There are 2 protein chains.
Amino acid sequence: MDDALALSALVLALSGRLVQEIHDGVSRQGFGDLRPAHGFAFVRISMGDATTADLAEHLGVTKQAAAQLVEELVRKGYVERRPHPRDARARLLALTETGWAATRAADQAARAAVAPWRDLLGEARFSELVADLTLLAPPGPIRPAW
Amino acid sequence: MDDALALSALVLALSGRLVQEIHDGVSRQGFGDLRPAHGFAFVRISMGDATTADLAEHLGVTKQAAAQLVEELVRKGYVERRPHPRDARARLLALTETGWAATRAADQAARAAVAPWRDLLGEARFSELVADLTLLAPPGPIRPAW
DNA sequence: CTATATGGACAAGGAACTTGTCTAATGGGG
DNA sequence: CCCCATTAGACAAGTTCCTTGTCCATATAG
């Protein structure tokens with residue numbers, strides 16, 4: 001009956017370790033100046049058509065906080081600001097080649113972190129796990145901390 | 001093949017929403033002055049025999065940061081410092097009755113957040129999910145952010 | 001054309017963490 | 001029994017990241 005309480009603890013524990021391992025993997029691949037929160041910004045920016053205000057809503061922070069984060073990512077060479085085709089106020093955000101490289105590094109680290117799970121569970125249970133979590137997945141943006 | 005990448009995103013998304021829902025539930029039950037990070041401190045303190053240094057290691061922060069967090073929780077009435085029976089330097093941390101009440105509120109919020117998952121998956125798949133995640137669960141402390 | 005809303009910049013403040021230093025107590029090895 | 005390296009915790013200062021508040025330029029509805 002208290003599966004429910006245990007399950008919430010398991011998800012939190014698993015997520016915490018996953019964040020840590022992805023961050024470590026990204027750092028080891030030469031992107032030591034990125035923190036977990038940056039990854040969530042990359043997710044939104046790589047989707048395209050993102051302004052700073054869009055990013056703020058995606059991350060669940062104020063637009064000033066998003067603007068500071070963008071400024072940092074631009075300064076470090078991961079993101080560039082391009083003019084918006086239909087709105088002279090706005091700037092479209094885009095990943096630079098370095099930004100895409102960091103994204104690939106994060107993806108690789110995420111795959112490496114999850115790979116042992118496939119071995120532990122076996123192929124069948126692993127696929128079921130993916131299917132189950134897909135059912136439970138929230139519709140909204142991916143907010144929290146990696 | 002890219003189940004692995006999808007799975008890591010799913011775990012992060014699920015964890016993020018879980019943290020948010022637990023925090024909201026705890027706030028609604030009258031503990032609006034607690035933040036997600038406090039919950040992880042409560043986990044360690046409720047296990048007993050915790051000093052500030054123990055707490056720091058559990059949370060993965062410096063002992064100064066842990067000391068500030070303890071000071072805040074003491075000031076708000078959730079935690080008390082008791083003399084250590086065998087070490088005059090150290091102080092044992094313990095939850096007050098208010099601290100236990102907050103812990104119960106968090107447990108209830110966690111159960112409420114997970115309850116819909118049981119309905120979505122059905123009893124059999126839900127039990128399998130708990131079993132699978134138990135296999136994958138890291139041995140160490142529950143670190144991250146709720 | 002005017003009124004309101006929106007994207008973004010600028011500035012100041014606050015919350016939570018860090019590093020650095022200090023004192024007092026502990027506990028192992030001579 | 002006594003050093004002395006180690007450890008628990010307090011105190012102080014600095015950094016980082018986020019907030020609130022304000023402003024301007026542009027967009028859009030009526």
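Keep in mind that this is a model prediction, so the values were computed, not measured.
On the nucleic acid side, DNA chain D contacts chain B at distances under 4.0 Å to non-hydrogen atoms, with the end points of that region at dT7(D) to dC11(D).
In terms of position on DNA chain D, the residue among Thr52(B) and Lys63(A) whose nearest nucleotide sits closer to the 5' end is Thr52(B). Of the two residues contacting DNA chain D, namely Ala53(B) and Val61(A), the nearest-nucleotide position lying further toward the 5' end is that of Ala53(B).
Within 4.0 Å (heavy atoms only), Ala90(B) reaches sugar-phosphate atoms of the nucleic acid but no base atom.
Annotation for Asp24(A): atom CG counts as buried by contact number, over 12 foreign heavy atoms lying within 6.0 Å.
Put simply, the side chain of Trp117(B) does not reach to within 4.5 Å of the side chain of Leu133(A), judged on heavy atoms. The closest side-chain heavy-atom distance from Asp54(B) to Arg44(B) is below 4.5 Å. Using a 4.5 Å cut-off on side-chain heavy atoms (C-beta onward), Phe126(A) and Leu120(A) make no contact. In this structure the side chain of Glu128(B) never reaches within 4.5 angstrom of the side chain of Leu129(A), judged on heavy atoms. Arg35(B) is listed as a side-chain neighbour of Glu72(B), based on a closest heavy-atom distance under 4.5 Å. Arg104(A) is not listed as a side-chain neighbour of Gln29(A), based on a closest heavy-atom distance of 4.5 Å or more. Here the side chains of Leu10(A) and Leu136(B) are not in contact, with every heavy-atom distance at 4.5 Å or above. Between Leu73(A) and His38(A) the shortest side-chain heavy-atom distance falls below 4.5 Å.
Here Thr62(B) reaches the OP1 or OP2 of dT18(C): one of its side-chain N or O atoms lies under 4.0 Å away.
Residues meeting the side-chain hydrogen bond (donor to acceptor under 3.5 Å, both in side chains) test with Asp107(B), sequence neighbours left out: none.
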(message) I'd like to compare against my own output: the B/S/- annotation of nucleotides 10-15 of chain C with a strict under-4.0 Å heavy-atom distance to protein.
(response) B-----

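Judged by distance alone, the side chain of Ser46(B) and the main-chain N or O of Phe42(B) form a donor-acceptor pair under 3.5 Å.
At its two ends the helix from dC1(C)-dG30(D) to dG30(C)-dC1(D) runs along axes set 30° apart, each axis drawn from five pairs and the angle rounded to 10°.
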(message) Quick one, Lys76(A) with Glu71(A), criterion salt bridge (Lys or Arg N to Asp or Glu O under 4.0 Å). Give me CA distance, side-chain angles, the key distance, then yes/no.
(response) CA-CA 9 Å; Lys76(A) 290 179 175 172; Glu71(A) 174 57 32; over 6 Å; no

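Taking atom CZ on Arg89(A) and atom P on dG7(C), their separation rounds to 6 Å, with Å as the unit.
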For residues 88-95 of chain A, which side-chain N or O atoms pair as donor and acceptor with protein atoms under 3.5 Å away, sequence neighbours left out?
unit_1, atom_1, unit_2, atom_2, d
Arg89(A), NE, Asp87(A), OD1, 3.2
Arg89(A), NH2, Asp87(A), OD2, 3.0

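For the segment residues 75-88 of chain B, residues with any heavy atom less than 4.0 angstrom from an atom of DNA chain C are, sorted by number, Asp87(B), Ala88(B).
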